[in-house]
Asks: 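Supplied in structure tokens, the structure appears directly below.
Please read these numbers as outputs of a predicted model, since none were measured by experiment. Each chain gets a letter, A, B and so on, in the order its sequence line appears, and its residues count up from 1.
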Amino acid sequence: MRSLPFLLVTLVSGAVAGTILGIVNLGVVEPYIDKAIQLETQNEIRAGENVNTDEMAGYRIWQKSGEIVGGIVYGISLSSLFGIVFAYSRNSLPGNNVKVKAILLASIMCFVLFIVPSLKYPSNPPAVGDPDTIYYRQSLFVAFLVISGASALGVTALIKKINQTVSKKVAIACTIYGAIIIVSYLAMPSNPDKISISMNLVEAFRLVSAATIVMFWEILGATYGTLWNRFNRQNLKKVTAF
Amino acid sequence: MRMSYTRQLLIERPDIPRVAIGILVAIMLFGLFSVGFDQGQLFSLVEGKEAFDSNWLHEFVHDMRHAAGFPCH
Ligand SMILES: [Zn+2]
């Protein structure tokens, strides 16, 4: 595929999946965020802090209005990464159907880049994190993300070199990747922040937000595959017309 | 001659121009930083130190940041 259709397929599918993620999150994740911020504000008032509720309300409107834009930016960033990986790997992915390949790759990337990092550092609603530890927590998160992503890339490169049946290759890849993740999981320090709000709320937030991110990846894969097919066919027609 | 022919078959080369890949890398880094990590750094480039207090970009993408599992407050 040439640059322009490739970029278009990549950016459009990210924008589509990201927009849907933003809209769905406004409906299903926002109630938990609202609840958590409410609890946080109550705690601050109880602690004797001076809380400007008008200013808070203004912030909340600004924050909610960013949900869809945030979703689009998030979607386009991840679809950019997805597009690069897909460009390099689509011939090695099993099957003949591009759409199935794209959905499979999206599922793998969701697992490696979202599910695995969340097992160690799960998402938290507002009111959990301590602002003083933000850079430390970001470093831990990025480190685990990079470990997961780099080992997935590493084992993929490794099994491409060895001569084995596909099922054995997959088994070897999963074993090595699993071992690296277990060791890193045990070796890396935990999130330093104590959870002071209801654990039920935190867990419900984690479950719902994780479900919407999984949904996002699947939509991204399906949209990408569909668009890829369409644009690639147009390319082929142009070539054969010559 | 024969060597290079077999090499071409074995090494999987994307038929996508490098420029496109480069553009995507840039978009990915910039986008993920904005949504997932910025604490005022991006706006401070134009707004100066004040950006770390107002933190507009952080607040704007704030809810998505929490929902996508990035560390926040
Ligand atoms: Zn926050």
Asks: Start with the C-alpha distance between A:Lys64 and B:Asp63, add both sets of side-chain angles, then the distance that settles side-chain contact (heavy atoms from CB on, under 4.5 Å), and finish with yes or no.
Replies: CA-CA 7 Å; A:Lys64 281 186 186 172; B:Asp63 292 12; 4.2 Å; yes
Asks: With only heavy atoms counted, which part of A:Phe216 is less than 4.5 Å from chain B, the side chain, the backbone, both or neither?
Replies: neither
Asks: With chain A as the partner, which of B:His58, B:Arg65, B:Arg18, B:His62 has the greatest number of non-hydrogen pairs under 4.5 Å?
Replies: B:His62
Asks: Heavy-atom distance under 4.5 Å to chain B: side chain of A:Asn124, backbone, both or neither?
Replies: backbone
Asks: Side-chain contact, heavy-atom cut-off 4.5 Å: B:Val61 with A:Val69?
Replies: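 They are not in side-chain contact.
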Asks: Looking at chain B, which one of A:Ile84, A:Asp193, A:Val142 has the largest number of heavy-atom pairs inside 4.5 Å, strictly under?
Replies: A:Ile84
Asks: Which one, A:Tyr135, A:Tyr32, A:Tyr121, leads in non-hydrogen pairs under 4.5 Å with chain B?
Replies: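 Most heavy-atom pairs within the cutoff with chain B belong to A:Tyr135.
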Asks: Do A:Tyr59 and B:Glu59 touch side chain to side chain, with heavy atoms closer than 4.5 Å?
Replies: yes
Asks: Using the rule given for side-chain contact (heavy atoms from CB on, under 4.5 Å), can you reason through B:Met64 versus A:Leu21, listing the C-alpha separation, both sets of side-chain angles and the distance that settles it, and then say yes or no?
Replies: CA-CA 9 Å; B:Met64 185 53 68; A:Leu21 174 68; 3.8 Å; yes
Asks: Take the angle between the ring planes of A:Tyr74 and B:Phe70 and call it parallel below 30°, perpendicular above 60°, tilted in between.
Replies: perpendicular
Asks: Select, from A:Ser118, A:Pro131, A:Ser65, the one with the greatest count of heavy-atom pairs under 4.5 Å involving chain B.
Replies: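 The answer is A:Ser65.
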Asks: Of all of B:Ser34, B:Ala20, B:Gly36, B:Ala26, which one pairs up most often with chain A through heavy atoms under 4.5 Å apart?
Replies: B:Ala20
Asks: Evaluate the ring planes of B:Trp56 and A:Trp62, with Trp represented by its six-membered ring, and classify them as parallel (under 30°), tilted (30 to 60°) or perpendicular (over 60°).
Replies: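 Perpendicular: the ring planes of B:Trp56 and A:Trp62 meet at over 60°.
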Asks: Measuring heavy-atom distances to chain B, does A:Ile68 have an atom under 4.5 Å in its side chain, in its backbone, in both, or in neither?
Replies: neither
Asks: Select one option (side chain, backbone, both, neither) describing which atoms of B:Leu32 are under 4.5 Å from chain A's heavy atoms.
Replies: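 When you check distances to chain A, atoms from both the backbone and side chain of B:Leu32 fall under 4.5 Å.
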Asks: Can you find a pair of side-chain heavy atoms, one from A:Pro126 and one from B:His66, that are under 4.5 Å apart?
Replies: yes
Asks: Could you go through A:Leu7 and B:Ile23, starting from their C-alpha distance and side-chain angles, then the distance that decides it, and tell me whether this counts as side-chain contact (heavy atoms from CB on, under 4.5 Å)?
Replies: CA-CA 9 Å; A:Leu7 287 175; B:Ile23 293 173; 4.0 Å; yes
Asks: Would you say B:Phe30 and A:Val73 make side-chain contact, with heavy atoms under 4.5 Å?
Replies: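 No, side chains not in contact.
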Asks: Would one find more than 12 heavy atoms of other residues, nucleotides or ligands at under 6.0 Å from atom NZ of A:Lys169?
Replies: yes
Asks: With a 4.5 Å cut-off on side-chain heavy atoms, are A:Tyr88 and B:Ile16 touching?
Replies: no
Asks: Could you pull out all residues at least two apart from A:Arg206 that satisfy salt bridge (Lys or Arg N to Asp or Glu O under 4.0 Å)?
Replies: none
Asks: Can you say whether A:Ala127 sits under 4.5 Å from chain B via the side chain, the backbone, both, or neither, judging by heavy atoms?
Replies: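 Just the backbone, heavy atoms under 4.5 Å.
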Asks: How many angstroms lie between atom NE2 of B:His73 and atom OG1 of A:Thr133, to the nearest 0.5 angstrom?
Replies: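 Separation between the atoms: 12.0 Å.
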Asks: Quick one: which of A:Pro122, A:Ser80, A:Gly129, A:Pro125 has the most heavy-atom pairs under 4.5 Å with chain B, could you say?
Replies: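 Result: the option with the highest number of such pairs is A:Ser80.
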Asks: Looking only at heavy atoms and a cut-off of under 4.5 Å, which of A:Leu11, A:Leu81, A:Val29 has the most pairs with chain B?
Replies: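 Top option by heavy-atom pairs under 4.5 Å: A:Leu81.
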Asks: Could you tell me which non-hydrogen atom of A:Arg2 sits nearest to which non-hydrogen atom of B:Pro17, and how far apart they are?
Replies: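 Minimum heavy-atom separation between A:Arg2 and B:Pro17: C-CD, 4.3 Å.
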Asks: Does any heavy atom of chain B fall under 4.5 Å from the side chain of A:Phe114, the backbone, both, or neither of them?
Replies: side chain
